[in-house]
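Below, chain A is the first sequence line, B the second, and so on; all start at residue 1.
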Number of protein chains: 2
Amino acid sequence: MTAKPQYISVWVREAAERARPAAEKPGRGQPSRAQIVRAAIEILDTEGLDALSMRRLGAKLGMGATSIYWYVANKTDLLDLAIDEAFGEIAVPVGGGIDWREATAVFAHSLRRALMRHPWLARLLGGRPNIGPNALRMSDRMATIFDDAGLDHEDIDFTVTTVIAYVIGISGADATWRDTVNTSGLTYDEWTEQHEPALRAGMADLPRLRAIYEKRRLPPDTGSALEARFDFGLRCVLDGIAGRMP
Amino acid sequence: MTAKPQYISVWVREAAERARPAAEKPGRGQPSRAQIVRAAIEILDTEGLDALSMRRLGAKLGMGATSIYWYVANKTDLLDLAIDEAFGEIAVPVGGGIDWREATAVFAHSLRRALMRHPWLARLLGGRPNIGPNALRMSDRMATIFDDAGLDHEDIDFTVTTVIAYVIGISGADATWRDTVNTSGLTYDEWTEQHEPALRAGMADLPRLRAIYEKRRLPPDTGSALEARFDFGLRCVLDGIAGRMP
DNA sequence: GACAACTCTCGAACGCTGTGCGAGCGGGTT
DNA sequence: AACCCGCTCGCACAGCGTTCGAGAGTTGTC
């Protein structure tokens, strides 16, 4: 009946440390930490989430696994840092008189691209709250867009959350799907062939789904088809928001 | 340089086994398997995703950890089965002359409820493609709704995917957030207090975000506030879809 | 030049994980 | 009595995240 360790996010813990003046990290620590995070992302991108272990990362960095703990307290912290690093890639056009709809569309595509480029990202996002500096900055810029458009605070929150939820929801699924095929070592055709009997059996008494599946097999769900579907949904969301703009 | 094991989903593998006539599972196997999956879900719901280990599950079932492997090939398979079991709880009203908009809203709330009831679900959904029988049946029923409303195959696919993406995107985030607070062992107030300095520091030079945060602190983001936000976004999505209906 | 302090590395070890293997048990059929 | 079959499980293995403490290398101070 021992109490749980009560994990605290990097951001929270390090903000608390910063309050005590003497606890600053050493000068050379910062570049090394960034370097570790970059290496971790490289492994995550090329070998997948499950391939990232501290020993593997240490080997890539040419150091012992346990040396990493000098720069980073946890693997959890490391992943939080990787998440926020990825969020840094996301662009939000702000200012310059672009209207909210175009700005939001640009943001949505940018967020999607980040999620597709880093298939591990969506899996981790569903793990713990993300309040890193880049994530906050992204939210602030999105808030700015709708603040400039005249929404009140509650509607800004609602609107921004809706857009992000849709993009993460669909892109996470798309990225996972693509990643599953890619890392299976099979071609797209081999993969669908392997899954054909299971799908056919599962849809045996589901005529509507089967009809859609049959009709939509050519062209297969390659990138452009996924992109068209993403754009369709995004237009739906934006139209719905447009109906609520002042 | 050994090749990866090439994991195949339960559904695919067992559909292939079913093709060979003699490979059916024994009669008593089925109830026991369902019982194992139910026990796994119980652990997942009450203790979280990380708490589910084969030994822990075996202990709960009063059997050795390795005995479970008689009924289930993998932990991965077990989780796939748990996912589909959870999908079985989702209701899709079909037939009976309800219009598509109300039917979709009922479905969306039902899906959300399942995701909130099983906080582990969203985390796992971003892990591998979900083609279990309950998931397929759910998709088929959603397809039926929009087929009856007169959409063509492509638009049915696009529309259903959009709704599901939004619901999973927002509910996954909400469930994770709530779960993080709950399992921290802190009250809501204690938790926000603990995160206050980090958020304040992070938002130091983000005035818009800070303004929203300040203004929206009372009432705190309890269940009803999250529900209002969910409904707002759902209305946006449904409005956008409505504009594309024949 | 000497000694202390501080930054950083790392091998050993702990307790945990998923899982393969093979021995063994009880009941049913031949 | 012999045999098979459904099922259980102890043992073992490789790998995981993480702790600890010993030590190396650099820097700072007298």
Subject >> Minimum side-chain heavy-atom gap B:Ile90-B:Arg113 below 4.5 Å >> reply: no
Original post:
Are any of the side-chain heavy atoms of B:Ser139 and B:Val160 separated by less than 4.5 Å?
Top reply: no
Side-chain N or O of [X] less than 4.0 angstrom from OP1 or OP2 on [N]?
{"X": "B:Tyr69", "N": "C:dC21", "result": "no"}
{"X": "A:Tyr71", "N": "C:dT9", "result": "yes"}
{"X": "A:Asn74", "N": "D:dT18", "result": "yes"}
{"X": "A:Tyr7", "N": "D:dT18", "result": "yes"}

Subject >> Intermediate values then yes/no, side chain to side chain contact (heavy atoms under 4.5 Å, CB included), A:Arg112 and A:Asp174 >> reply: CA-CA 10 Å; A:Arg112 175 179 175 85; A:Asp174 287 350; 3.0 Å; yes
Original post:
Hey, what do you get for CG (A:Leu61) to CE (A:Met54), rounding to the nearest 0.5 Å?
Top reply: 10.0 Å
Please report the distance, rounded to the nearest Å, between [atom1] in [X] and [atom2] in [N].
{"X": "B:Leu49", "N": "C:dT17", "atom1": "CG", "atom2": "C1'", "answer": "13 Å"}
{"X": "B:Trp70", "N": "D:dC5", "atom1": "CH2", "atom2": "C1'", "answer": "8 Å"}
{"X": "A:Leu79", "N": "D:dC16", "atom1": "CG", "atom2": "P", "answer": "14 Å"}
{"X": "B:Asp77", "N": "C:dT19", "atom1": "CG", "atom2": "C1'", "answer": "13 Å"}

**OP:** Counting heavy atoms from C-beta on, name the nucleotide in D:dC7, C:dG20, D:dT19 closest to the side chain of B:Thr66.
**Re:**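 The answer is C:dG20.
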**OP:** Could you work out which one of D:dC16, C:dC10, D:dC7 sits closest to the side chain of A:Lys75?
**Re:**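 For A:Lys75, the side-chain atoms sit closest to D:dC16.
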**OP:** Name the nucleic acid region contacted by A:Leu78, choosing base, sugar-phosphate or nothing; use a 4.0 angstrom heavy-atom cut-off, strictly under.
**Re:**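 If one applies the 4.0 Å heavy-atom cut-off, A:Leu78 turns out to touch nothing in the nucleic acid.
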**OP:** Pick base, sugar-phosphate or nothing for B:Ser67, based on heavy-atom distances below 4.0 Å to the nucleic acid.
**Re:** base
Original post:
Is there a donor-acceptor pair under 3.5 Å between the side chain of B:Ser67 and the backbone N or O of B:Met63?
Top reply: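 Answer holds: no.
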Original post:
Is a side-chain N or O of A:Arg210 found less than 3.5 angstrom from the main chain of A:Met203, in a donor-acceptor match?
Top reply: yes
Original post:
Which of residues 54-62 of chain B have a heavy atom under 4.0 Å from DNA chain C?
Top reply: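 Correct list: B:Met54, B:Arg55.
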Subject >> Mutual orientation of the aromatic rings belonging to A:Phe230 and A:Tyr166 [parallel < 30°, tilted 30-60°, perpendicular > 60°] >> reply: parallel
